[in-house]
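Down below is the structure, laid out as structure tokens.
When reading the values below, keep in mind they use all heavy atoms of this one structure, side chains included, and skip hydrogens, waters and symmetry mates. Because the structure is a prediction, the values reported are computed rather than measured.
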Amino acid sequence: MESEGKKDTKIILTKPFSLESESDNSDADYRAPKLLNRILNLLKNVRPGSDLTHFQLPSLFNFPKSQLQCYGEAVYCRGSDLLRKCNSEQSPVERFKSVVAWSISTTRPTSFAVAPYNPTLGETHHVSKGNLNVLLEQVSHNPPVSALYATDEKENIEMIWCQQPVLKFWGTSIEAQVHGKRQLKLLNHGETYEMNSPHLLIRILPVPKVNWVGGVNIRCLETGLVAELFYKSTLSFLGLGKNHKLIQGKIIDSSSSKVLYEVHGYWDRTVTLKDTNSGEIRVIYDAKEVISGLQAPIVKDPQRVWPTESALVWSELSQAILNNDWEKAREAKQLVEERQRKITAERETNGKAWIPKHFAVSFSKEGGWNCSPIHKWVPDAPIIA
């Protein structure tokens, strides 16, 4: 959808990736032709093992949204309120099981051969979903680091993410490793849950496919409960067969090392828990209920949209992609990049260091990047989901 913003600039918001994204080819309307051939040509001089984090993709390979929007959609675009369920459960074990389901729900389908825009330094994305207010900021450009802070004052919930994608080219595939930590705080219960993200594996040959892979660990610092999850594809070595999105794992009481539950299923269908004592099997996550039929956010108050908002910064490029106007898309992307270079040059000339507006940021070799929100609560947003 589009809305008129400040200075009559259109704010472009598109549908998030959902289960239908894989089945109905819904992104075909803004795909450039012969993308696989273009990718092979683009990477023909890139050596295996190369870091692609700062590789500049032509606009032909973009879909119309920023990486900040993709992170945000994983939090605010959902069909059922799993966060409230996490908060309403009466026992630590039941809350932990609900947090595991919520973590799985942040895994979203994506699309082969197209990628989001690399956010500009200081770019923001601010959206509300009911009482949940979500704010993201690009706090570093080199390396690219994105911070997310989401709060629900009614439920007394906080969420903090600090993520750094690192892209590696392996000859026949590209792996997007997502470094960093995610925290979910249920303040009414005095519980903090820490977790990481799976990695995105983009297989180019022999059969183009995209899959979330790797291990995810979820830990409650106060109760000692731990979940060890593993994402993998059921494709054969040659890329043949059905591409099932398998997830397996277990929930453990770390104080006794006892396995309480076994996790099994498919993150794009259903995931079950098996009680190791009773043998009872129960569905904890149903993708159809959570990530099906998702709609694009809408602009409630265009005049309150910040100039740094992703949907505004990239609006001309997004509109050009939606129109299949690839020459206009190239020009629009170049304009954003040139504007960013000019701002950076001016700042360096004046000897001013850039400081994030919404987060305090630090880095250590041991702990990596740490992003702490400056304000206690995120205000309601002019964009609603």
Is the backbone of [Y] close enough, under 3.5 Å, to the side chain of [X] for a donor and an acceptor to pair up by distance?
{"X": "S103", "Y": "V100", "result": "no"}
{"X": "S88", "Y": "K85", "result": "yes"}
{"X": "N196", "Y": "G215", "result": "yes"}
{"X": "S197", "Y": "V178", "result": "no"}
{"X": "T172", "Y": "I204", "result": "no"}
{"X": "E222", "Y": "T192", "result": "yes"}
{"X": "K65", "Y": "K15", "result": "yes"}
{"X": "S315", "Y": "K10", "result": "yes"}

Say you draw a straight line from [atom1] of [X] to [atom2] of [Y]; how long is it, rounded to the nearest 0.5 Å?
{"X": "E73", "Y": "L68", "atom1": "CD", "atom2": "CG", "result": "11.0 Å"}
{"X": "S233", "Y": "W212", "atom1": "OG", "atom2": "CH2", "result": "14.0 Å"}
{"X": "I104", "Y": "I247", "atom1": "CD1", "atom2": "CD1", "result": "4.0 Å"}
{"X": "I284", "Y": "T272", "atom1": "CD1", "atom2": "OG1", "result": "8.0 Å"}
{"X": "K209", "Y": "I202", "atom1": "NZ", "atom2": "CD1", "result": "14.5 Å"}
{"X": "N217", "Y": "M195", "atom1": "CG", "atom2": "CE", "result": "11.0 Å"}

Min side-chain heavy-atom separation [X]-[Y] under 4.5 Å:
{"X": "S66", "Y": "Y71", "result": "no"}
{"X": "P109", "Y": "D268", "result": "no"}
{"X": "V75", "Y": "W161", "result": "yes"}
{"X": "L225", "Y": "I252", "result": "no"}
{"X": "Y149", "Y": "H358", "result": "no"}
{"X": "D275", "Y": "L273", "result": "no"}
{"X": "M159", "Y": "L83", "result": "yes"}

Next item on the list: Show the numbers, then the answer: is there a side chain to side chain contact (heavy atoms under 4.5 Å, CB included) between T120 and H141?
Entry: CA-CA 7 Å; T120 61; H141 186 67; 5.8 Å; no

Note to self: Which residues end up grouped with V213 if you chain together Ile, Leu, Val, Met, Phe, Trp and Tyr wherever their side-chain heavy atoms are less than 4.5 Å apart?
What the structure shows: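 Noted: V213 shares its cluster with L201.
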
Does atom [atom1] of [X] have more than 12 heavy-atom neighbours from other groups under 6.0 Å away?
{"X": "E346", "atom1": "CD", "result": "yes"}
{"X": "R108", "atom1": "CZ", "result": "yes"}
{"X": "K258", "atom1": "NZ", "result": "yes"}

Notebook entry, point to check: Taking S146 as the fixed residue, which of Q138, Q67, E137 is the one that meets the side-chain hydrogen bond (donor to acceptor under 3.5 Å, both in side chains) rule?
Noted result: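 Testing each of Q138, Q67, E137 against S146, the sole residue satisfying side-chain hydrogen bond (donor to acceptor under 3.5 Å, both in side chains) is Q138.
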
Margin query: Under the criterion salt bridge (Lys or Arg N to Asp or Glu O under 4.0 Å), I'd like the reasoning laid out for K97 against E89: C-alpha separation, chi angles, the key distance, then a yes or no.
Written below: CA-CA 10 Å; K97 289 156 61 176; E89 297 288 5; over 6 Å; no

Acceptor/donor pairs from residues 182-190 side chains to any protein atom, 3.5 angstrom cut, sequence neighbours excluded:
| residue | atom | partner | partner atom | Å |
| --- | --- | --- | --- | --- |
| R182 | NE | Q163 | OE1 | 2.6 |
| R182 | NH1 | T106 | OG1 | 3.1 |
| R182 | NH2 | Q163 | OE1 | 3.2 |
| Q183 | NE2 | E194 | OE2 | 2.9 |
| N188 | OD1 | N156 | ND2 | 2.9 |
| N188 | ND2 | E155 | O | 3.3 |
| H189 | ND1 | R95 | NH1 | 3.4 |
| H189 | NE2 | N87 | O | 2.8 |

Could you go through residues 331-345 and list every donor-acceptor pair under 3.5 Å that involves a side-chain atom there, pairing it with any protein atom two or more places apart or in another chain?
| residue | atom | partner | partner atom | Å |
| --- | --- | --- | --- | --- |
| K333 | NZ | L57 | O | 2.5 |
| K333 | NZ | N62 | OD1 | 2.7 |
| T344 | OG1 | Q340 | O | 2.9 |

Next item on the list: With sequence neighbours excluded, tell me which residues meet ring-ring contact (aromatic ring centres under 6.0 Å, His included) with F169.
Entry: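 Not a single residue meets the ring-ring contact (aromatic ring centres under 6.0 Å, His included) criterion with F169.
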
Taking atom types as modelled and ignoring hydrogens, do the side chains of [X] and [Y] form a donor-acceptor contact shorter than 3.5 angstrom?
{"X": "H179", "Y": "Q177", "value": "yes"}
{"X": "E309", "Y": "T124", "value": "no"}
{"X": "N133", "Y": "T151", "value": "no"}
{"X": "Q69", "Y": "W314", "value": "no"}
{"X": "Y117", "Y": "S310", "value": "no"}

Checklist line | Summary of ring pair (Phe, Tyr, Trp, His ring centres under 6.0 Å) pairs that have at least one residue in residues 72-104, sequence neighbours excluded | finding: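 Residue pairs with at least one partner in residues 72-104: Y76-H125.
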
Margin query: Less than 4.0 angstrom from a charged side-chain N to a carboxylate O is my criterion; do K328 and D325 meet it?
Written below: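 Between D325 and K328 there is no salt bridge, as every charged N stays at least 4.0 Å from the carboxylate O atoms.
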
For residues 370-385, run the donor-acceptor check on the side chains, cut-off 3.5 Å, and write out each pair with its distance to 0.1 Å, sequence neighbours left out.
| residue | atom | partner | partner atom | Å |
| --- | --- | --- | --- | --- |
| N370 | ND2 | S372 | OG | 3.3 |

